[in-house]
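Only one structure is covered here, and it is reproduced in the block below.
We're numbering straight along the sequence, starting at 1.
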Amino acid sequence: MLVEFNDLENLFHITEPWYVHDCIFNESQKKLDVYLKVYKEALLSCPNCGAGHQPIYDIADYDRTWRHLNFLEYPCYIHAEHPRTDCKKCGKKQRVEIPWAIKPRAGFTKLFDAWIMKLVKDMPMNAVSRLVGEHDTRLWRILHHYVDHALAVQDLSQVTKINTDETSSKRGHNYITIFVDSEKKNVIHVAKGKDAETWRACKEKLEAHGGRVQNVTEVCMDMSAAFIKGASDYFPDASITFDKFHVIQEANRAVDSVRRNERNRCADLKNTRYIWLKNEKNLTKKQKETLDKLKDSELDTAKAYRMRLCLQEIYKYPAQIAPAVLEDWIQWGLRCRLAPMVDLAKTLKKHYGGVVRWFQSQLNNGILEGINSLFQAAKRKARGYRSDKNIIAMVYLLAGKLDFAQK
C-alpha cells in the first residue's frame, strides 16, 4: 500500500486522538523531531476506572519525549501533548496512557524497544549501544523490563521433568545454575551459585507460577553432592537421573589422570592428551594413526581408554540388561589397580541408582549444553555483563522461550 506524504500518522505509527503537527529536521544535531497534538474534542477512556468517552480536562504541552525508530539513518524523537481526562464516573482527573510507549518506562517507544530486543539477541549490548547511540545502561533497562514482565506471567503448571546444570558466569568461582523444562526445552529458572539452595529457589519459582513439586517426577543433573541434596530436599518425589554425558566426562577425567601419571616414564604419551579424550571419528588422520599404534598396548593409559570405551558402550545396551552390565564394569573398575579408574568405579557404585535410571528416563543434559554454548559465546562477545542480573536476563532472552508481547 502506498503511503501519501501527508499521511504522517501512519508513517510514524500514530493513532487518534493524536496527529502530527510538525516535523523538524535538525541538521546540526542530525535528528528528526516529530511534534504531536491532540484533537481537543476527542473523547478518551479514563485511565483510572476505564470508563470510555470521557472529555479532555486539560493538556500538558509537549512535556514528554520518546526516542522512536530511526527515520532513514537519523534518530527520530516524538514530542507529544499529554491530555488529562475529566471522568464523570469516578471523578478523577488523570493523564491518559500513551499508546506508543509503556507507562512505567519513559524515553522510548514500543517500536524502539522491539528493535533493541531484536538486536540484543544477536549482538553484545555494548555494540548495540554504539549502533543506536544510547548508553547501554538505558538499553539494559529495556531488556530487564520485558524479561521481568514475561517471567511474571510465565506458566509452569505443566512442568513434570527438570534438567539442571551450572555454568560459569564470569571469571573466578562465579556460577549460575540453569533449570530447564525437559519436555518444552526452555529455561524455567536461573539462580546464582551452584549449591543446594538453588533447588529451593527453583521450587519457589515453580510454585509461584502454577507448578506443583508433586508433579515433578524426574530430574536430571550431574553427580554434584550439592545438587543431589537440593533435589532430594526440595523435590523428594522425583527420580534422579545422572546425565550420561557427565558420567562419560568423569571417565575422561579418570583416563586423563592415568595418562598424566604415566607420561613421565613413557615418551610415546607426549602430546597425546586429546587422542584419548575424543571419539575416534573426531580425530585427525595423524591422531588416528597414533591412537591405532597405542590403544591395544600394555600402557596403563591404553587400558584406561579401553575401559572408558566399554563404559560408553553400555549406554547402547537394552534397558533390561544394561544395569547388570554396568555392575560388571564397576567390579572390573574396582579390581583394575589404576587409582583414577578405581575412584570412578567407586563413584558409579555410590550413585548406581541415578546412573541406571537413565535407561528408563532417557533424560540427558544435551539441551543444557546447547544453552551453555549459546550463553558462553554471547558472554565472550560481550566481554562481561557487569552484573549477575544482566547475565541472568541474557540466559532468559536466549533460551527462555518467553512471550515478550505486552498484555
Quiz item: Do other residues, nucleotides or ligands put more than 12 heavy atoms under 6.0 Å from the NZ atom of Lys192?
Solution: no
Quiz item: Is there a donor-acceptor pair closer than 3.5 Å between any side-chain N or O of Ser182 and the backbone N or O of Lys161?
Solution: yes
Quiz item: Does OH belonging to Tyr317 count more than 12 external heavy atoms closer than 6.0 Å?
Solution: no
Quiz item: Are the side chain of Arg84 and the backbone of Val96 linked by a donor-acceptor contact shorter than 3.5 Å?
Solution: no
Practice problem: To the nearest 0.5 angstrom, please state how far the OG1 atom of Thr85 sits from the NE2 atom of His53. | Solution: 13.5 Å
Quiz prompt | Separation of Leu368 CG from Phe179 CZ (nearest 0.5 Å) | solution = 10.0 Å
Quiz item: Does any non-hydrogen side-chain atom of Cys23 lie less than 4.5 Å from one of Phe71?
Solution: no
Quiz item: How about Leu206 and Phe235: do any of their side-chain heavy atoms sit closer than 4.5 Å?
Solution: yes
Practice problem: To the nearest 0.5 angstrom, please state how far the CD atom of Glu369 sits from the OG1 atom of Thr167. | Solution: 8.5 Å
Quiz item: Any ion pair linking Asp256 and Arg259 (charged N to carboxylate O, less than 4.0 Å)?
Solution: yes
Quiz prompt | Nearest heavy atoms of Cys46 and Cys90, plus distance in Å | solution = SG-SG, 3.7 Å
Quiz item: Taking the side chain from Lys184 and the backbone from Val159, do they hold a donor-acceptor pair closer than 3.5 Å?
Solution: no
Quiz item: Looking at side-chain heavy atoms only, is the closest gap between Thr109 and Ile78 below 4.5 Å?
Solution: yes
Quiz item: Using the benzene-type ring in the case of Trp, are the ring centres of Trp66 and Phe108 under 6.0 Å apart?
Solution: no
Quiz item: Would a 4.5 Å heavy-atom cut-off, applied to side chains only, mark Leu139 and Val120 as touching?
Solution: no
Exercise. Provide the closest heavy-atom pair for Asn252 versus Leu277 in the form atom of the first, atom of the second, distance.
Key: O-CD2, 3.4 Å
Quiz item: Looking at Tyr175, does the NZ or CZ of Lys194 lie under 6.0 angstrom from its six-membered ring centre and within 45 degrees of the ring axis?
Solution: yes
Practice problem: Indicate yes or no for a side-chain donor-acceptor contact from Ser257 to the backbone of Ala254 under 3.5 Å, with no hydrogens or angles considered. | Solution: no
Quiz item: With the threshold set at 4.0 Å, does a side-chain nitrogen-carboxylate oxygen contact exist between Glu73 and Lys30?
Solution: no
Self-check item: The single option from Asn163, Thr241, Thr164, Asp165 passing side-chain hydrogen bond (donor to acceptor under 3.5 Å, both in side chains) against Asn365
Solution: Asn163
Quiz item: Shortest non-hydrogen contact from Val255 to Ala304?
Solution: CG2-O, 3.5 Å
Self-check item: Distance-only donor-acceptor check, side chains Asn364 and Asp243, under 3.5 Å
Solution: no
Quiz item: Does the side chain of Lys349 come under 3.5 Å of the side chain of Gln331 through a donor N or O and an acceptor N or O?
Solution: no
Self-check item: Backbone N/O of Glu183 and side chain of Asp181: donor-acceptor pair under 3.5 Å
Solution: yes
Self-check item: Glu204, Glu197, Lys229 screened by side-chain hydrogen bond (donor to acceptor under 3.5 Å, both in side chains) with Tyr234, the one that passes
Solution: Glu197
Quiz item: Are Asp292 and Glu289 side-chain neighbours, meaning at least one heavy-atom pair lies under 4.5 Å?
Solution: no
Quiz item: For Asp195, does its backbone N or O pair with a side-chain atom of Thr198 as donor and acceptor, under 3.5 Å?
Solution: yes
Quiz item: How about Lys401: does its NZ atom have over 12 heavy atoms from other parts shown lying under 6.0 Å from it?
Solution: yes
Exercise. Would you please classify the geometry between the His145 ring and the His149 ring as parallel, tilted or perpendicular, with 30° and 60° separating the classes?
Key: parallel
Quiz prompt | Worked check of side chain to side chain contact (heavy atoms under 4.5 Å, CB included) between Val128 and Asn126 | solution = CA-CA 5 Å; Val128 176; Asn126 52 10; over 6 Å; no
Practice problem: Check whether any side-chain heavy atom of Val38 lies under 4.5 Å from a side-chain heavy atom of Pro17, and answer yes or no. | Solution: yes
Self-check item: Heavy-atom pair with the smallest gap, counting every atom of Ala393 and Val147
Solution: O-CG2, 4.1 Å
Self-check item: Centroid-centroid distance, Phe12 to Trp100, less than 6.0 Å
Solution: no
Self-check item: Thr177 side chain to Gly193 backbone, donor-acceptor under 3.5 Å
Solution: yes
Quiz prompt | Asn26 versus Ser28, side-chain donor and acceptor atoms under 3.5 Å | solution = yes
Quiz prompt | Interatomic distance, Ile176 atom CD1 to Asp388 atom CG [nearest 0.5 angstrom] | solution = 8.0 Å
Quiz prompt | Main-chain N/O of Ile275 paired to Thr272 side chain as donor or acceptor, under 3.5 Å | solution = no
Quiz prompt | pair Met221-Trp199: side-chain heavy atoms closer than 4.5 Å | solution = yes
Quiz prompt | Any donor-acceptor N or O pair under 3.5 Å, side chains Asp33, His79 | solution = yes
Quiz item: Quick check: are there more than 12 heavy atoms from other residues, nucleotides or ligands sitting under 6.0 Å from NZ of Lys93?
Solution: yes
Quiz item: To the nearest 0.5 Å, how far apart are CD in Glu313 and CZ in Arg308?
Solution: 10.0 Å
Exercise. Decide, yes or no, whether a salt bridge links Asp58 with Arg95 under the criterion of side-chain N to carboxylate O below 4.0 Å.
Key: yes
Quiz prompt | Phe242 and Trp358 aromatic centres sub-6.0 Å | solution = no
Self-check item: Check: Ile188 main-chain N/O paired with Lys205 side-chain donor or acceptor under 3.5 Å
Solution: yes
Practice problem: Measure the spacing between CG of Leu36 and CZ of Arg64 and express it to the nearest 0.5 Å. | Solution: 12.5 Å
Quiz item: Is it the case that more than 12 heavy atoms not belonging to Glu27 sit under 6.0 Å from its CD atom?
Solution: no
Quiz item: Can Asn279 and Gln312 be said to form a side chain to side chain donor-acceptor pair (under 3.5 Å), step by step?
Solution: CA-CA 10 Å; Asn279 290 323; Gln312 198 166 324; 3.1 Å; yes
Exercise. Determine, for Lys295 against Glu280, whether the closest basic-nitrogen to carboxylate-oxygen distance falls under 4.0 angstrom.
Key: yes
Quiz item: Where do Tyr396 and His189 come nearest, in terms of heavy atoms and distance?
Solution: OH-CA, 3.3 Å
Self-check item: Aromatic Tyr19 / basic Lys37 pairing, under 6.0 angstrom, 45° off normal
Solution: no
Quiz item: Strictly by modelled atom types, are Asn215 and Thr160 linked by a side-chain donor-acceptor pair under 3.5 Å?
Solution: no
Quiz item: Under a 4.5 Å cut-off applied to non-hydrogen side-chain atoms, are Arg67 and Glu134 in contact?
Solution: yes
Self-check item: Test side chain to side chain contact (heavy atoms under 4.5 Å, CB included) applied to His68 and Val34, step by step
Solution: CA-CA 10 Å; His68 195 36; Val34 179; over 6 Å; no
Exercise. Would you check if there is a donor-acceptor pair between the side chains of Tyr35 and Glu81 at a distance under 3.5 Å?
Key: no
Exercise. Check whether the side chains of Asn390 and His144 place a donor and an acceptor atom closer than 3.5 Å, and report yes or no.
Key: yes
Quiz item: Does Glu262 reach the main-chain N or O of Asp300 with its side chain, forming a donor-acceptor pair under 3.5 Å?
Solution: yes
Practice problem: Inspect the surroundings of CD in Gln362 and state if more than 12 heavy atoms from other residues, nucleotides or ligands are less than 6.0 Å away. | Solution: yes
Self-check item: Gly333 to Val342 - nearest heavy-atom pair and separation
Solution: O-CG2, 3.4 Å
